[in-house]
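Have a look at the structure below, then the notes.
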Number of protein chains: 2
Amino acid sequence: MIMEGGAASSLARTGTVPRSREIYDALRQKIVSGEWPAGHRLPSEHELARQFGCARMTIGKALGALAEQRLVTRRRRAGTTVNMPRPQESVLEIHDIEAELLAAGIPYAYESLARHVRRATARDAGALGVPPGTPVLSLTGLHRAAGRAHALEERLINLRAVPEARAERFTAISPGRWLLQRIPWTEAEHQIGALNADADIARWLAIRRNCACLAIERNTWRDTQRITHVRVIYPGDQHRLVARFRYRPL
Amino acid sequence: MIMEGGAASSLARTGTVPRSREIYDALRQKIVSGEWPAGHRLPSEHELARQFGCARMTIGKALGALAEQRLVTRRRRAGTTVNMPRPQESVLEIHDIEAELLAAGIPYAYESLARHVRRATARDAGALGVPPGTPVLSLTGLHRAAGRAHALEERLINLRAVPEARAERFTAISPGRWLLQRIPWTEAEHQIGALNADADIARWLAIRRNCACLAIERNTWRDTQRITHVRVIYPGDQHRLVARFRYRPL
DNA sequence: AATTATAATATGCCTAGACATATTGCGGAA
DNA sequence: TTCCGCAATATGTCTAGGCATATTATAATT
């Protein structure tokens with residue numbers, strides 16, 4: 001009664017694709033093709049297990065993946081129903097600037113423009129989310145791609161959370177890279193907005209004053225402790241964030 | 001030998017939290033606390049199953065979730081190792097404007113500014129990704145929040161893919177909403193950039209000319225067919241995209 | 001007719017065991 | 001010493017079956 005598990009399925013199947021994935025794909029096709037419209041109720045797990053000739057848990061895995069994709073809603077007793085009008089949401093990956101450029105084969109360099117250790121001002125405290133007076137490291141730097149200014153970075157590091165940053169000069173290594181290699185973060189929040197370049201920004205990025213720029217702010221936590229706050233400013237007409245919705249693999 | 005499955009665990013556990021989730025949390029804590037640093041190899045599934053007193057599949061579920069979070073890497077024979085310096089990526093959800101405003105309790109209205117049916121120009125063809133000459137519906141409209149201009153929308157709809165859009169006037173219902181309720185999409189791509197408001201944009205959004213604006217472009221596919229291309233322009237100083245990294249529930 | 005108790009149903013989660021597969025380490029042969 | 005084949009190991013996936021729980025439908029009662 002247990003024996004034919006893996007053997008039977010590997011014989012019956014194409015070979016390397018998991019059975020639950022095949023079932024997931026088959027059900028997904030029914031949904032996106034419109035054969036099962038929004039509101040349609042799927043057969044029960046027992047029934048699907050019978051139809052596909054597999055254990056109920058295998059069906060459960062496939063249906064669970066569909067639910068994670070928000071393609072269906074599952075409720076006990078009520079069953080699984082198609083959830084078709086998918087909410088307009090997408091997955092945006094915000095990468096490390098350096099890794100991004102290196103992946104594209106573009107020479108990268110970080111240039112430090114300013115470095116100060118101070119007790120958090122009211123403004124620092126608000127941005128970083130720490131009490132005023134907390135020791136912070138303020139860094140300003142320029143990301144260069146192929147020699148040209150690519151992005152301006154303004155960063156605050158909570159020295160209570162990362163005391164070893166006090167000794168680091170950050171003359172050539174980018175603080176983002178440095179932090180990423182040392183401090184594991186557990187939560188992050190991004191805010192993306194647009195702003196007009198002021199005189200400083202225009203000078204560093206070598207763009208016209210008032211030019212529209214893309215600003216990405218990131219706050220990073222390690223559990224409940226604030227690690228760093230960073231604002232990266234890109235010339236708006238030269239840089240775009242691209243997000244492609246992808247189906248998560250099962 | 002099968003009997004005590006659910007019973008034993010539900011007796012031993014707090015009650016409603018799945019055992020695999022408890023194990024996931026316990027292991028995650030070891031990692032984010034630094035007790036298990038990057039590169040550390042976790043005990044094998046068999047060993048963990050022994051330690052936690054559960055079946056190997058339950059451990060596999062927890063480890064699989066950690067792997068999905070990129071907290072660990074799993075390789076056969078090599079085992080599971082901590083992957084700590086997490087790549088800087090985040091999840092950005094780009095919602096339907098109307099739903100977003102209504103969720104915040106802000107009155108919403110859509111106002112049509114222009115509507116044309118035409119054969120795709122070279123520019124249309126490039127934006128929508130269809131051959132020139134394909135019939136398209138061009139729509140321009142304004143999203144109003146609490147009466148004030150909130151965003152300007154420029155949209156192209158592929159009438160080959162959505163012929164029924166030809167009969168719809170879109171005077172009050174937003175085309176995004178309309179499409180979402182009818183056409184299931186399977187793939188989407190977003191591009192986020194910044195631009196300076198030209199005269200038209202400034203007039204409609206009631207902002208100064210040259211003001212930095214956030215522009216979100218979205219291309220939508222149904223399988224391989226292009227459905228629609230839309231560009232939504234927000235006043236940059238009034239609107240921000242917020243993305244919070246969240247741990248996906250197990 | 002309205003309300004309440006009860007039974008049926010579908011999912012949620014788990015166990016114990018099995019086969020499959022990739023990878024690593026080791027011993028023997030060239 | 002280097003290279004190749006074999007065995008050990010850890011994960012990947014599946015099966016068959018079970019208890020738990022939420023929800024709905026139905027029957028009983030007021």
Side-chain angles (χ1 to χ4, degrees), chain A residues 1-25 27 40-68 71-83 249-250, chain B residues 1-25 27 40-68 71-83 249-250:
Chain A
M1 65 208 277
I2 302 178
M3 290 200 54
E4 72 279 341
S9 54
S10 68
L11 283 174
R13 283 192 287 117
T14 51
T16 167
V17 179
R19 187 90 177 102
S20 56
R21 177 58 185 263
E22 286 182 358
I23 295 168
Y24 167 85
D25 286 335
L27 297 176
H40 176 85
R41 178 161 160 193
L42 274 66
S44 74
E45 290 195 355
H46 277 290
E47 172 60 20
L48 287 170
R50 201 188 55 74
Q51 286 179 20
F52 283 97
C54 66
R56 191 167 76 92
M57 188 172 256
T58 308
I59 298 294
K61 222 173 176 182
L63 290 178
L66 288 171
E68 213 177 313
L71 283 168
V72 299
T73 301
R74 311 191 71 196
R75 274 166 52 231
R76 288 185 183 172
R77 163 72 213 198
T80 302
T81 52
V82 176
N83 215 346
L250 189 69
Chain B
M1 63 210 285
I2 302 177
M3 289 201 53
E4 72 278 340
S9 52
S10 67
L11 283 172
R13 283 192 288 120
T14 51
T16 167
V17 179
R19 185 89 176 104
S20 55
R21 177 57 183 263
E22 287 181 0
I23 294 168
Y24 167 86
D25 286 335
L27 297 176
H40 176 84
R41 176 159 163 195
L42 275 67
S44 74
E45 290 195 355
H46 276 290
E47 173 58 22
L48 287 170
R50 203 190 53 75
Q51 286 179 20
F52 283 98
C54 67
R56 190 168 76 94
M57 188 171 256
T58 308
I59 299 293
K61 222 171 175 181
L63 291 179
L66 289 171
E68 212 177 315
L71 284 168
V72 299
T73 300
R74 312 192 70 196
R75 275 168 48 231
R76 289 185 182 170
R77 162 73 214 203
T80 303
T81 53
V82 175
N83 212 348
L250 191 67

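Residue numbers begin at 1 in each chain, while the letters A, B, ... track the order of the sequences.
With DNA chain D read from its 5' end, the first of the two nearest nucleotides for A:A78 and B:R77 is the one closest to B:R77.
Of the side-chain N and O atoms in A:S44, none sit less than 4.0 angstrom from OP1 or OP2 of C:dT9. Contact between the side-chain N/O atoms of B:R19 and the OP1/OP2 oxygens of C:dC13 is not found at any separation under 4.0 Å. When the side-chain nitrogen and oxygen atoms of A:S20 are compared with OP1 and OP2 of D:dT13, none of them lie within a distance under 4.0 Å.
Looking at every heavy atom in both residues, B:A62 comes nearest to B:S20 through CB-O, 3.6 Å. In this structure, B:L63 and B:R74 approach most closely via the heavy-atom pair CD1-NH2, 3.3 Å.
Between A:I23 atom CD1 and D:dT13 atom C1' the separation is 12 Å, expressed in whole Å. Counting to the nearest Å, the C1' atom of D:dA22 and the CZ atom of A:R75 are 9 Å from each other. A:R41 has its CZ atom 11 Å from the P atom of C:dT9, to the nearest Å. Computed from coordinates, the B:L63 CG to D:dT13 C1' distance equals 15 Å when rounded to whole Å. Nucleotide D:dT13 holds its C1' atom 14 Å from the NZ atom of B:K61, rounded to whole Å. Distance CZ (B:R76) to P (C:dT23): 8 Å, rounded to an integer number of Å.
Looking only at side-chain heavy atoms (C-beta outward), B:L27 and B:V72 stay at 4.5 Å or farther from each other. Two residues are said to be in side-chain contact when any heavy atoms from C-beta on lie closer than 4.5 Å; B:L48 and B:I23 fail this criterion.
For the contact set between residues 45-60 of chain A and DNA chain C, defined by any heavy atom under 4.0 Å, the members are A:E45, A:R56, A:M57.
In this structure, a donor-acceptor pair under 3.5 Å is absent between the side chains of B:R41 and B:T81.
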When you look at A:R19 and A:F52, which way does the side chain to side chain contact (heavy atoms under 4.5 Å, CB included) test go after all the steps? CA-CA 9 Å; A:R19 187 90 177 102; A:F52 283 97; 3.9 Å; yes
